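Take a look at the structure set out below.
Numbered from 1 within each chain, the chains take letters A, B, ... in sequence-line order. Predicted, not measured: the structure shown is a model, and the values here were computed from it.
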Protein chains: 2
Amino acid sequence: MTSRNKPPAQPSAQRSTQSPAQRPTRPRPSTPAAKAEEPKPLGARARARAEVTGAIKDEARRQLADEGAAKLSLRAVARELGMVSSALYRYFPSRDELLTALIVDAYDSLGAAAEGAHARAVRAEAAPRERWLAVCRAVREWAVAYPHEYALIYGSPVPGYSAPRTTVGPASRVGLLLVTVVREAAQGPGVQVPGGGETLRDEALRDEAERLAADLAPDLPPAVVVALTAAWSQLFGLVSFEVFGQFNRIVEDRPVFFDQAVSQLARSVGLMDD
Amino acid sequence: MTSRNKPPAQPSAQRSTQSPAQRPTRPRPSTPAAKAEEPKPLGARARARAEVTGAIKDEARRQLADEGAAKLSLRAVARELGMVSSALYRYFPSRDELLTALIVDAYDSLGAAAEGAHARAVRAEAAPRERWLAVCRAVREWAVAYPHEYALIYGSPVPGYSAPRTTVGPASRVGLLLVTVVREAAQGPGVQVPGGGETLRDEALRDEAERLAADLAPDLPPAVVVALTAAWSQLFGLVSFEVFGQFNRIVEDRPVFFDQAVSQLARSVGLMDD
DNA sequence: CGCAAAAGAGAGCACTGCTCTTGCCCTGCG
DNA sequence: CGCAGGGCAAGAGCAGTGCTCTCTTTTGCG
């Protein structure tokens, strides 16, 4: 796979006679007809731009999967696409901006996977605990399938620090989905949300819990919202340890282990066994 | 250029290397006195080498804290130390090797912090649950104090992949410590380890649990060892979400929230309330 | 149709990791 | 005491990077 050689990518500086018939610039998998006509209300120019932008992100994603975020190189992406590196800056003002775009896409992809699993569980009228399990499994499976993109969003923050505002929306989709599962369970028929009257003895804890509940789910008991927030992070603790290799030579049967741990998590937020 | 002054307080689980301060060049091996006193058959040459190695790691750690692992530059380290970049390769064969050394040190530093907290709790004859809490708090506090080094070891794997064998020992210290806490509690007087007879219905899960228990703590019930492994990873899920900013604008009072979550974790491995 | 806006090409700067060669000087040996 | 050898630093150099600037070409839109 490292034989990343593309024949026409060399700087054949053949100026003067402008017969650039050999230009390899076209975004790769575009059908030849794509160039033909765009009678769409969306401007043809904008269309082409979106296409190139997508091609850049696709190639960047490929390199991400090959070598990891640290080795992602704008020049290599440009080279592979048959353009010159400076041209790429017409689409992304910096390498970090490209990475940010990939981060947003990854959050969205993970969120969509989780929401799809949830929707399927709802359609199958699965019990609340089954829905919880389905969402968690979807997260894990997405992470195992796309480890580098998972590392991009749940590993060390790669760019300067504190991802831009654009990321906070997509980033919270999984968390909100977990809230939804518990909220549905609480409204549903037989499921009861515990929490133990004694849980919020501490005053600071009660304050925090009430603030958290007010922000996330005013219809749920504050103690449950605290447990939910913790479970949210703990789910990603489980997934990160598996994806980042901390479970190597320790946990063998990961799916079984994961199911068990995540069921315990469900219990901790009040989703009882069937 | 010396604006990079910081109190030399670094985790440095290894020797603290009397950093040779402002000297621009030359490790200055021997004041006459220094050469006279060799307490060990450790040669003066090896001594100087260890000192320079330590200075390199210290400076690298400083840059790590400033800019993160991605921006760590061998040349900048060498520049700051007053040597030329190529000289640095006498001490570390590559940038990744330097990073690996920092990773091992970070694991050791974190492990020492956690073990210190545990030892203190034992000396104070704290209850098992208090010991568990002390260890978890120590982990969190270390991570908050040294976020970049935490990211180095619990964030995305930065170098090629799969850290070398050298890291597996130090990496498991915290996990083993958690096992120790529960094991002590199980042997102790009043603490009872639950697990519920029904927990291991599934056959694959029982197999996995028994294998895990055999490897880690043959004297503990398999179900507890499973819960312990999960809690281990979940602890780092909590810490990672805080350090990596996932709790920004969501959790305000982090210590209180953390204590609550970690107490719940203690319950999940059978450490009862006082 | 024509033209301004958009896009690409290419050179260039400052930086990086890493290699290789050259010489210095300390050290351990005879 | 002297001297060879080896650890060590210095410097040049290579290939690659992110990013900027200028110039030319293209192309969609009014």
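- Between Tyr91(B) and the phosphate of dG7(D), there is no side-chain N or O to OP1/OP2 separation shorter than 4.0 Å.
- In this structure, Glu51(A) atom CD and dA7(C) atom P are separated by 13 Å, rounded to whole Å.
- Of the possible polar contacts, none joining the Ser109(A) side chain to the Asp105(A) backbone as a donor-acceptor pair under 3.5 Å is found.
- When the P atom of dT17(D) is taken as reference, atom CD of Glu67(A) falls 11 Å away, rounded to whole Å.
- Take Phe258(B) and apply the ring-ring contact (aromatic ring centres under 6.0 Å, His included) test, not counting sequence neighbours, and it matches no residue.
- Note: Arg62(A) CZ to Asp66(A) CG = 6.0 Å, rounded to the nearest 0.5 Å.
- When the P atom of dA9(D) is taken as reference, atom CG of Leu81(B) falls 10 Å away, rounded to whole Å.
- Met83(A) has its CE atom 7 Å from the P atom of dA9(C), to the nearest Å.
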Polar atom pairs between nucleotides 20-24 of chain C and protein, under 3.5 Å, N or O only, would you list them?
none

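- Checking each of Val262(A), Val139(A), Val144(A) against Val239(A) for a side chain to side chain contact (heavy atoms under 4.5 Å, CB included) leaves exactly one that passes, namely Val139(A).
- For the pair Arg45(A) CZ and dT27(D) C1', the computed distance is 5 Å after rounding to whole Å.
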Give each protein N/O atom lying under 3.5 Å from an N/O atom of nucleotides 15-17 of chain C, with the pair distance.
residue : atom : partner  : partner atom : Å
dT16(C) : OP1  : Ser73(B) : OG           : 3.1
dT16(C) : OP2  : Arg79(B) : NH2          : 2.7
dG17(C) : OP1  : Leu72(B) : O            : 3.4
dG17(C) : OP1  : Leu74(B) : N            : 2.6
dG17(C) : OP2  : Leu74(B) : N            : 3.1
dG17(C) : OP2  : Arg75(B) : N            : 3.0
dG17(C) : N7   : Arg75(B) : NH1          : 2.3
dG17(C) : O6   : Arg75(B) : NH1          : 2.8

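- Taking the six-membered ring where the residue is Trp, Phe257(B) and Phe247(B) present perpendicular rings, their angle passing 60° and hence far from 30°.
- Aromatic ring pairs are classed by plane angle as parallel below 30°, tilted from 30° to 60° and perpendicular above 60°; the pair Tyr107(B) and Tyr154(B) is perpendicular.
- Classified by interplanar angle (parallel below 30°, tilted 30° to 60°, perpendicular above 60°), the ring pair Tyr146(B)/Trp142(B) is tilted.
- Using a 4.0 Å cut-off, some side-chain N or O of Arg49(B) falls inside it from OP1 or OP2 of dC8(D).
- Distance Leu98(A) CG to dC19(D) C1': 14 Å, rounded to the nearest Å.
- To the nearest 0.5 Å, the span separating OG1 on Thr53(B) from CG on Leu88(B) amounts to 9.5 Å.
- To the nearest 0.5 Å, atoms CD (Glu67(A)) and NE2 (His148(A)) are separated by 8.5 Å.
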